[in-house]
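Below is one structure, written out as structure tokens; comments come after it.
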Number of protein chains: 2
Amino acid sequence: MKTDPEVEGLRKRMTHIKQVLQQRDLKLTHQRLEIFNEVAKSGDHPDAETIYRSVRQRLPTVSLDTVYRTLWLLLDLGLISTVGPSRERVHFDGNTQPHHHFVCTKCGKIYDFYSRELDKIEVPEAIQALGQGEKINVEVRGLCHQCLKNKSES
Amino acid sequence: MKTDPEVEGLRKRMTHIKQVLQQRDLKLTHQRLEIFNEVAKSGDHPDAETIYRSVRQRLPTVSLDTVYRTLWLLLDLGLISTVGPSRERVHFDGNTQPHHHFVCTKCGKIYDFYSRELDKIEVPEAIQALGQGEKINVEVRGLCHQCLKNKSES
DNA sequence: TTAGGTGCAAATTCTTTGCACCCTG
DNA sequence: CAGGGTGCAAAGAATTTGCACCTAA
């Protein structure tokens, strides 16, 4: 399933992460590169444990906590992202009206917002290959006012 | 901030949950009704602990595990939903290309899909009230093929 | 009456932390 | 060589489970 452009993209991303780490005076360790490589090349959405197991095959001594530390670091650096709310645990939603979410990627807070425009979106055909779509929810990610403020202050 | 239509909606939803529970021969306990009420009326996205604390004010003896059990039950019954992947822990995403997610609400798996159409969506104005939107990701929720199959078999 | 539901406490599972040693720059 | 980064083991959260008692139907 690996196509040339993907491999090429991966190579570029490996160069990119090195630059980013150096710019910030962070060390370019084996572990960091391997962990990033693992997430970047995965077409999946692995959890920490899965990444740990994969990386172990190449670096048999990595520890799970290094995997965690590195993943959060990569997230902070904007090199990878999370699916759904970042860092936080399950959150429940009792709002049954059509609505959408604004997720703050910094503090993890999730705000509802409404949009007639977005409510109109229909389940795309591509979904048929995966299953049966029932609900559509648009997720906008960014920084909430509070976190923007904290950022400018520091 | 509570408007009459909301209160009215909540009343209808309380009637609805009772019907659903009865239809399935599930008991209409105090705890279940209070927990549902708490999630349904919340404009927020509370986690289990928060719901627990609120419910405790009315039912001082509820336990956290009942809250969990009830929330998962309500989820199974389709009376509430979760934000992001259901049940699962943090999942990382190394895919930096614009893409969207199909989340199976049963097994929690998350599949990427692509759509030029959806990539065109712009950050709606409503976001300005909340913060700075950076990325848009459409989330389609439903059942994946595997879970559809398991369901029809049982 | 009688299953299904609950509360308690203990067990799991997931994630983070403190600290001594190691390796990148 | 110096300080950040790692691995280990242990601590801390979050969530689940077993079991005896309770209560809605």
Side-chain angles (χ1 to χ4, degrees), chain A residues 14 17-39 45-53 55-77 79-80 82-92 108, chain B residues 14 17-39 45-53 55-77 79-80 82-92 108:
Chain A
M14 291 309 295
I17 183 189
K18 290 179 192 169
Q19 290 174 346
V20 173
L21 290 176
Q22 287 178 332
Q23 269 168 28
R24 304 243 186 175
D25 284 312
L26 293 167
K27 286 182 182 162
L28 243 129
T29 63
H30 244 327
Q31 291 87 332
R32 285 175 176 169
L33 297 178
E34 283 297 348
I35 291 167
F36 175 70
N37 180 281
E38 202 53 46
V39 185
H45 304 89
D47 57 15
E49 183 74 28
T50 306
I51 295 162
Y52 171 60
R53 277 200 296 268
V55 172
R56 265 209 148 199
Q57 302 192 356
R58 302 206 198 182
L59 291 181
T61 62
V62 272
S63 60
L64 185 53
D65 54 73
T66 296
V67 172
Y68 274 107
R69 281 188 283 227
T70 304
L71 289 170
W72 299 135
L73 174 71
L74 296 174
L75 195 60
D76 280 344
L77 296 175
L79 295 165
I80 63 173
T82 56
V83 176
S86 43
R87 273 159 222 238
E88 304 268 316
R89 308 263 158 171
V90 216
H91 284 238
F92 298 88
Chain B
M14 289 310 295
I17 182 189
K18 290 179 192 169
Q19 290 175 347
V20 172
L21 290 176
Q22 287 178 332
Q23 270 169 28
R24 306 245 186 170
D25 285 312
L26 293 169
K27 287 181 181 165
L28 243 129
T29 62
H30 244 326
Q31 292 88 330
R32 283 174 178 171
L33 297 179
E34 284 296 347
I35 291 166
F36 175 70
N37 180 281
E38 202 53 47
V39 185
H45 304 89
D47 57 17
E49 184 75 28
T50 305
I51 295 162
Y52 171 60
R53 278 198 296 267
V55 172
R56 267 211 147 195
Q57 304 192 355
R58 303 207 197 180
L59 291 180
T61 62
V62 272
S63 60
L64 185 54
D65 54 2
T66 296
V67 171
Y68 273 107
R69 280 189 284 229
T70 304
L71 288 170
W72 298 137
L73 175 71
L74 296 173
L75 194 63
D76 280 344
L77 296 174
L79 295 165
I80 62 173
T82 55
V83 176
S86 43
R87 272 159 225 238
E88 304 267 318
R89 309 268 159 168
V90 216
H91 284 238
F92 298 87

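A note on names: the letters A, B, ... follow the listed sequences, proteins ahead of strands, and every chain is numbered from 1. Here the structure is a predicted model, which is why all the values come from computation and not from measurement.
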Original post:
Reckon E49(B) touches a base, only the sugar-phosphate, or nothing at all at heavy-atom distances under 4.0 Å?
Top reply: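 No contact at all - E49(B) keeps every heavy atom at 4.0 Å or more from the nucleic acid.
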**OP:** Mind checking L64(A) for me? I need base, sugar-phosphate or nothing, with any heavy atom below 4.0 Å counting as a touch.
**Re:**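 Since a base atom lies under 4.0 Å of L64(A), the category is base.
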Original post:
Between A48(A) and R69(A), which is nearer to the 5' end of DNA chain C once each is assigned its nearest nucleotide?
Top reply: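 The residue mapped nearer the 5' terminus is A48(A).
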Subject >> Residue closer to the 5' end of DNA chain C, L26(B) versus R89(B) (nearest nucleotide) >> reply: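 Counting from the 5' end, the first nearest nucleotide belongs to L26(B).
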Mind calculating the distance between [atom1] ([X]) and [atom2] ([N]) to the nearest angstrom?
X: W72(B); N: dT15(D); atom1: CH2; atom2: C1'; result: 8 Å
X: I51(A); N: dC14(C); atom1: CD1; atom2: P; result: 14 Å
X: L28(A); N: dT6(D); atom1: CG; atom2: C1'; result: 15 Å
X: R32(A); N: dG7(D); atom1: CZ; atom2: P; result: 11 Å
X: Q23(A); N: dG25(C); atom1: CD; atom2: P; result: 14 Å
X: L33(B); N: dG5(C); atom1: CG; atom2: P; result: 13 Å
X: K27(B); N: dC21(D); atom1: NZ; atom2: C1'; result: 13 Å
X: Q31(B); N: dC22(D); atom1: CD; atom2: P; result: 14 Å

Original post:
What nucleotide, of dG7(D), dG5(D), dG25(C), holds the atom closest to the side chain of S63(A)?
Top reply: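 The answer is dG7(D).
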**OP:** Report yes if a donor N or O on one partner sits less than 3.5 Å from an acceptor N or O on the other, where the partners are the side chain of D65(B) and the base of dC8(C); otherwise report no.
**Re:**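 Answer yes: a donor N or O sits under 3.5 Å from an acceptor.
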Subject >> 5′-ward residue of the pair Y68(B)/T29(B) relative to DNA chain D >> reply: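 Here Y68(B) is the residue nearer the 5' end.
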